[in-house]
Amino acid sequence: MKFDMKQWAAEYISSSTKKAMPILSFPGVQLTGHTVDEMVRDGHLQAVCMKAIADKFDTGAAFSLMDLSVEAEAFGSPVHYSEDEVPTVTAALVHDEDEAEALKVPEVGAGRTGECVKGIKEVSEMITDRPVLAGIIGPFSLAGRLLDMTEIMIMTYEDPEVVETVLEKATEFLIKYAQAFKEAGANGIAIAEPAAGLLSPNLIKEFSTPYVKRIRESVEDDNFAVLYHNCGSVVPLLDNIREINAGAYSIGNAVDIEEALKAIPQESIVTGNIDPAGTFRNGTPEQMRKETLELLERCSKYPNFVIGSGCDIPPMTPLENIQAFFDAVKEFYEGK
């Protein structure tokens with residue numbers, strides 16, 4: 001289903017009632033009866049999971065799985081799987097300049113990337129009442145998985161050329177991957193770049209933002225939007241992050257989202273930032289209602305604010321907590 005995404009965003013911002021936009025996909029395993037392990041390997045099951053979430057919860061957009069191991073695995077990184085947890089990269093693939101130079105850029109289809117594209121192609125025909133956003137990792141976050149996060153932070157100072165070599169290859173692949181999702185029928189991508197939240201303003205300007213912008217500029221058009229997600233401590237980085245010029249920004253619960261709303265232009269959606277672990281996963285329905293209403297009371301004065309989660313909601317999050325979130329959003333807007 002095609003949407004004019006620029007018009008969609010403008011109407012969202014101008015509307016007095018806004019559907020919530022949490023990063024919600026993995027808890028769908030509780031609705032479909034599959035394990036996380038089964039789902040992350042099978043595009044059809046990913047589509048079924050996304051459809052189950054869309055049928056149960058009145059979300060503003062349908063998000064695909066935020067699985068930040070997929071792209072690194074396509075390059076050759078080892079990954080640990082679990083029945084009820086999101087997969088994780090377990091070891092660095094690149095350790096020095098020679099290995100960085102030798103690193104081959106995979107084709108889309110390597111590892112599980114083909115299944116993820118297949119899932120988006122399938123679900124784009126199943127969900128037609130709201131935009132479908134495919135998830136990709138951000139370039140610095142991918143480079144951090146290929147080089148190891150501790151090592152890449154040291155290398156940004158001591159071996160910046162190695163970091164840049166890996167970033168160039170990561171970005172080349174991510175552009176191809178985003179284009180494959182576009183061709184498969186997605187209405188946009190959500191770029192998860194949490195590792196960039198660890199960088200200083202000077203370093204994010206060098207090692208993340210230009211590469212994210214390159215991805216956005218390669219795929220964005222009227223029918224294809226880019227949402228930028230960073231769940232780090234981004235307040236010192238907001239002046240730089242807004243230069244990405246994304247149509248939407250997803251802000252994590254590590255910061256006061258009002259700081260982001262003050263810094264990011266009003267023509268870009270800003271969504272967040274109820275704690276996905278502390279409140280969604282481990283809270284109570286009563287706590288969820290209270291925090292949701294409080295955040296809406298405080299931030300709904302900004303037209304571009306859309307309530308959501310601070311990051312990806314974990315797979316085994318109680319469905320009654322998620323329902324309490326949507327019920328509170330409905331209560332707030334019906335009471336206005």
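Residue numbers run from 1 in the order of the sequence given.
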Would you check if there is a donor-acceptor pair between the side chains of D327 and Q323 at a distance under 3.5 Å?
yes

Relative to Y81, does R41 satisfy both conditions: NZ or CZ under 6.0 angstrom from the six-membered ring centre, and within 45 degrees of the ring's axis?
yes

Hey, can you tell me if F57 and F326 have their rings parallel, tilted or perpendicular (30° and 60° cut-offs)?
parallel

Measure from the side-chain N and O atoms of [X] to the backbone N and O of [Y], and report whether any donor-acceptor pair falls under 3.5 Å.
{"X": "N304", "Y": "S268", "answer": "yes"}
{"X": "S200", "Y": "L203", "answer": "yes"}
{"X": "T35", "Y": "E38", "answer": "yes"}
{"X": "N187", "Y": "M1", "answer": "yes"}
{"X": "S77", "Y": "L146", "answer": "no"}

Considering the options K2, R216, K182, which one meets the salt bridge (charged side-chain N to carboxylate O under 4.0 Å, His left out) requirement together with D221?
K182

May I have the step-by-step check of side-chain contact (heavy atoms from CB on, under 4.5 Å) for C116 and Y177, ending in yes or no?
CA-CA 10 Å; C116 295; Y177 195 30; 3.3 Å; yes

With a 4.0 Å cut-off, would you call [X] and [Y] a salt bridge?
{"X": "E243", "Y": "K213", "value": "no"}
{"X": "E286", "Y": "R289", "value": "no"}
{"X": "R298", "Y": "E294", "value": "no"}
{"X": "K330", "Y": "D58", "value": "no"}

Is it the case that more than 12 heavy atoms not belonging to K290 sit under 6.0 Å from its NZ atom?
no

Around atom NZ of K205, are there more than 12 heavy atoms from other residues, nucleotides or ligands closer than 6.0 Å?
no

Is the distance from the ring center of F280 to that of F325 below 6.0 Å?
yes

